[in-house]
Amino acid sequence: MFTPFAADLLADLTARRDLPAPTAAAVADAERRIPLSLASELRTLLYGGVTALAGGLGALLYEHHERLGPGLILSLMTALLLVAAWYAGRHRPRFTWGVAPRTSVGADYALLLACLLFLGIEGYAQAEYTVFGTRYGLASAVPAVLFLAAAYFFDHRGVLALGLTALAAWVGFTVAPLGVLTSFDFVPARLRAAAIGLASVLTAVAFGSEWRGRKAHFAPTYLSLGANLAGVGLASVLIDGWDSIVTHLLCVPALAGLAWALYRFAHRIRSYWFLVLAAGWGYFLVTYLWIRLMWLGKELDEGVFLLSAIYFMLSAAGIVRFFLNLKKLLPPAPGETPSRPS
């Protein structure tokens, strides 16, 4: 795709005689002939379409559930799930511990639709028939097991993310079933420990899969959820242990190490997402320490207010500058072709 930026660059190089006119014309012609890839945009639209389809079907069936009845609704949803699962299974790629070759464009989205339909069926059956009773953890454990198995069986990172989310929900229900709803302690101590423990397991699985070469491309998905769980757990421990020196001695280095590990991982796999995560948790830690420092001098009310205002203004400018220079912070690796501006 020949962009205005490329046209201006070629014109500037030609005007300064750094590039001969025939060469510039040949480059421009070659750029115009390069096909424009819409793969990412189409995949995004397909994922959005599958999600919208599942949500729309759910809303439609809910609107007419009294006329249709729960039995017919569950039958229709189950039939659609079986069709989607059959299509996904029919085009399932051959299992490999590496990246499996795609055998069908629609199979990935059929599998995702089947998983979303399963969640809808499970939720509707629980609402109508209370098939799980009060064992809400079991309602999260069943899709977690099924989705994690399907993710490896079909080599699908989207289904892996669904499975890990269900696993995190199961851990939460197991540790603190109704604590969040019945008290003002929104992150109970047991739930914090569970979050940090699950984060440690997911991080170990991520690096273990890379080290052993077993679905190494799943590592970013594991690490993304694991890092955020660890960050939330450590942040809540810091806030709750505001006056505890031991808490600060343990959690501040841990959170700083998390941000540094995410930064190094971002550079290793060339990922802007992990770079943003590293910056986000680093900014939280710096801001927390700044507020903690200002709290020590709380008797200087006007001075504390002024310094805090200056800090937040400068940090806001720093955030804007960070996003404007995101590509410079993560330059292409040696030998890697930088992406053309669009």
Q | Ala259 versus Ala278, closest heavy-atom pair with distance | A |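 Result for this residue pair: O-CB, 3.4 Å.
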Q) Is there a donor-acceptor contact under 3.5 Å from the side chain of Gln126 to the main chain of Gly133? A) yes
Taking atom [atom1] of [X] as the centre, report whether more than 12 heavy atoms of other residues, nucleotides or ligands fall under 6.0 Å from it.
X: Arg264; atom1: CZ; result: no
X: Tyr263; atom1: OH; result: no
X: Ile245; atom1: CD1; result: no

Q) Considering residues at least two apart in sequence or located in another chain, which fulfil the ring pair (Phe, Tyr, Trp, His ring centres under 6.0 Å) criterion with Phe218? A)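 Result, ring pair (Phe, Tyr, Trp, His ring centres under 6.0 Å) vs Phe218: Tyr152.
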(Q) Is it true that Ser315 and Tyr283 share a donor-acceptor pair across their side chains at a distance under 3.5 Å? (A) yes
Q.
Ring centroids only, cut at 6.0 angstrom: are Phe147 and His156 within range, meaning strictly under it?
A.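 Aromatic pair excluded; centres sit 6.0 Å or further apart.
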Can you find a pair of side-chain heavy atoms, one from [X] and one from [Y], that are under 4.5 Å apart?
X: Tyr87; Y: Tyr109; result: no
X: Tyr311; Y: Met294; result: no
X: Pro143; Y: Leu146; result: no

Q. Should Phe153 and Leu82 be counted in the same cluster of Ile, Leu, Val, Met, Phe, Trp and Tyr side chains packed under 4.5 Å apart?
A.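 Yes; tracing contacts between hydrophobic side chains, which count when under 4.5 Å, links both residues.
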Q.
Taking salt bridge (Lys or Arg N to Asp or Glu O under 4.0 Å) as the cut-off, I'd like each qualifying pair that reaches into residues 149-167, sequence neighbours left out, listed once.
A.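 Only Arg102-Asp155, Asp155-Lys215 qualify under salt bridge (Lys or Arg N to Asp or Glu O under 4.0 Å).
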Q | With sequence neighbours excluded, residues passing salt bridge (charged side-chain N to carboxylate O under 4.0 Å, His left out) with Arg268 | A | Glu210
